[in-house]
Amino acid sequence: MKIKYNYLPEEFCNTEEIFYKWRELIKSSDYTLGKYVYDFERKFANYSGVKHCISTNNGTDALILALKCLNIGVGDEVITVTNSFYATAGAIVAVGATPVLIDTDNRFQINVEKIKKHLSSKTKAILPVHWAGASPDMANIRKICNDENLLLIEDACMGIGATISGQSAGTFGDISAFSMHPLKSLNVMGDGGMITTNNDEYAFWMSKYRNHGMVNRDSIEFWGVNMRLQPLQAIVASIGLDKLEDVLKKRRSNAKQLDDALSNLTVSGHVELPRRIDNHKETCALYLGLFKNRDQLRLFLEEKGIETKIHYPKPLHKQKAANKNCKFDKKDMVNSEYQANRLLTIPVHQFLSQREIKYISDTITMFYDKKN
Ligand SMILES: *Cc1c(COP(=O)(O)O)cnc(C)c1O
């Protein structure tokens with residue numbers, strides 16, 4: 001059996017609906033912002049239960065836009081997590097601020113208990129990540145922000161469709177950033193991103209800043225940039241949003257099947273899976289676990305036709321880039337360093353059948369049986 005990590009050829013095998021809308025767009029020549037972009041923004045705001053959605057050309061720019069809007073820059077520190085995609089820290093550095101990297105917890109999320117000791121007089125915001133499409137402890141992060149008078153920016157790039165007690169990821173913070181990169185839960189055919197906020201002033205500023213600061217064709221109110229989402233992609237996103245709940249349902253059911261099938265191996269200590277919290281709904285963007293003899297297992301799975309990934313073999317604080325513009329306590333990174341050597345990402349996507357999921361868990365079980 002061959003199990004590919006990449007599902008995009010299957011996802012986009014039927015493009016009729018997209019091309020139909022694209023032909024409509026091409027006739028309208030509405031190529032910058034315009035109806036298709038605004039329609040999608042309204043639809044996404046509605047989906048998330050938030051007042052404003054401002055689309056951008058990718059998730060990294062969405063993060064930069066959020067930080068800029070909150071006036072975070074040179075001399076400011078922003079607390080974030082060391083196991084994330086580069087863009088989380090990269091966006092903070094891009095606005096001139098300093099990322100302060102915090103260790104993970106045993107759910108691979110920011111370790112909330114370790115945040116307080118890293119606060120300083122320069123701390124301006126906390127930027128937690130909904131890593132792998134699961135959510136960190138937003139209630140306690142919100143509490144620290146309230147107590148310490150800090151801004152809260154969510155990196156919900158992998159969290160489109162995640163909820164805590166029914167409340168959408170990306171609605172807890174002052175501003176939240178999302179990505180529609182091909183490998184996220186809501187994906188387009190290239191790059192796309194979004195911002196959400198309930199604050200009218202922030203929304204006004206960001207909707208202008210991402211479009212040169214223009215209030216109309218002939219006047220700008222302040223200097224801005226071009227971070228616009230392509231209307232072609234807004235169409236793909238809008239069609240994708242209609243299907244998102246079904247996609248997430250399938251991914252969650254695949255993840256549950258894996259959890260159940262691997263539970264014996266968690267008892268024997270070969271595998272560690274993150275604790276699932278009852279009132280959290282995950283997007284299952286990545287199915288992460290810690291696996292003993294990870295590198296050998298990975299080769300074994302590859303021989304058996306199962307493609308896997310590692311997110312990530314090196315936490316941010318271990319990157320060469322972190323020697324500059326970053327703050328962290330090397331000795332306080334025990335969890336993320338332990339995890340980095342054992343993490344493996346197993347395919348969980350919506351096009352996998354129950355039989356294929358069973359083949360994955362059987363093959364993992366076979367690997368550990370052989371070793372004993
Ligand atoms: C994908 C991702 C980003 C960056 O999004 P792009 O659209 O690729 O720029 C940022 N943070 C996290 C956690 C991500 O997963």
Side-chain angles (χ1 to χ4, degrees), residues 5-6 8 40 44 53-68 78-95 97 99 101-102 104 107-110 125-136 138 141 152-162 169-170 172-173 175-196 210 225-230 232-234 236-237 240 251 274 282-288 309-317 319 321-322 326 336 339 343 345 348-349:
Y5 191 85
N6 182 358
L8 296 175
F40 169 67
F44 188 78
C53 167
I54 295 129
S55 58
T56 59
N57 51 354
N58 58 58
T60 309
D61 272 346
L63 284 166
I64 293 173
L65 186 59
L67 290 157
K68 281 245 172 220
V78 178
I79 301 262
T80 192
V81 61
T82 192
N83 195 26
S84 186
F85 180 59
Y86 317 127
T88 310
I92 297 168
V93 174
V95 300
L101 303 175
I102 306 287
T104 46
R107 295 175 54 245
F108 317 128
Q109 305 297 325
I110 188 166
I126 304 182
L127 199 163
V129 178
H130 294 263
W131 184 240
S135 296
M138 291 310 301
I141 294 170
L152 176 53
I153 303 159
E154 285 172 76
D155 181 341
C157 282
M158 284 200 212
I160 303 177
F172 297 85
I175 304 180
S176 302
F178 301 85
S179 167
M180 297 189 287
H181 176 277
L183 294 179
K184 314 292 178 171
S185 49
L186 175 61
N187 56 355
V188 295
M189 292 175 165
D191 282 307
M194 283 168 297
I195 280 289
T196 56
R210 63 122 187 231
V225 296
N226 177 355
M227 289 183 174
R228 296 185 298 248
L229 176 70
Q230 304 277 334
L232 285 166
Q233 303 295 4
V236 180
R251 294 182 81 108
E282 306 184 4
T283 68
C284 307
L286 309 173
Y287 187 89
L288 300 176
K309 305 267 173 192
I310 301 175
H311 295 85
Y312 282 97
K314 255 197 261 181
L316 296 177
H317 71 274
Q319 296 290 342
C326 251
S336 53
Q339 290 159 4
L343 272 171
T345 311
V348 73
H349 63 75

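Every number for a ligand or one of its atoms is a count from 1 in the order of the listing.
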> When you measure from the side chain of Glu154 to the backbone N and O of Ala169, does any donor-acceptor pair fall under 3.5 Å?
Replying inline: no

> Is there a donor-acceptor contact under 3.5 Å from the side chain of Thr196 to the main chain of Gly170?
Replying inline: yes

> side chain to side chain contact (heavy atoms under 4.5 Å, CB included) with Tyr86: which residues, sequence neighbours excluded?
Replying inline: Tyr312, Leu316, Gln319

> So, the side chain of Asp191 versus the backbone of Gly193: is there a donor-acceptor pair under 3.5 Å, distance only?
Replying inline: no

Hey, what polar pairs (N/O, under 3.5 Å) does ligand 1 make with protein?
{"unit_1": "ligand 1", "atom_1": "5 (O)", "unit_2": "Ser179", "atom_2": "OG", "d": "3.3"}
{"unit_1": "ligand 1", "atom_1": "7 (O)", "unit_2": "Gly59", "atom_2": "N", "d": "2.7"}
{"unit_1": "ligand 1", "atom_1": "7 (O)", "unit_2": "Ser179", "atom_2": "OG", "d": "2.6"}
{"unit_1": "ligand 1", "atom_1": "9 (O)", "unit_2": "Gly59", "atom_2": "N", "d": "3.4"}
{"unit_1": "ligand 1", "atom_1": "9 (O)", "unit_2": "Thr60", "atom_2": "N", "d": "2.9"}
{"unit_1": "ligand 1", "atom_1": "9 (O)", "unit_2": "Thr60", "atom_2": "OG1", "d": "2.5"}
{"unit_1": "ligand 1", "atom_1": "11 (N)", "unit_2": "Asp155", "atom_2": "OD1", "d": "3.3"}
{"unit_1": "ligand 1", "atom_1": "11 (N)", "unit_2": "Asp155", "atom_2": "OD2", "d": "2.8"}
{"unit_1": "ligand 1", "atom_1": "15 (O)", "unit_2": "Lys184", "atom_2": "NZ", "d": "2.5"}

> Can you list the residues that meet the side chain to side chain contact (heavy atoms under 4.5 Å, CB included) rule with Thr88, with sequence neighbours excluded?
Replying inline: Thr80, Ser84, Leu127, Val129, Asp155

> Sequence neighbours excluded, which residues qualify as side chain to side chain contact (heavy atoms under 4.5 Å, CB included) partners of Ala125?
Replying inline: Ile72, Val78, Leu151, Ile153

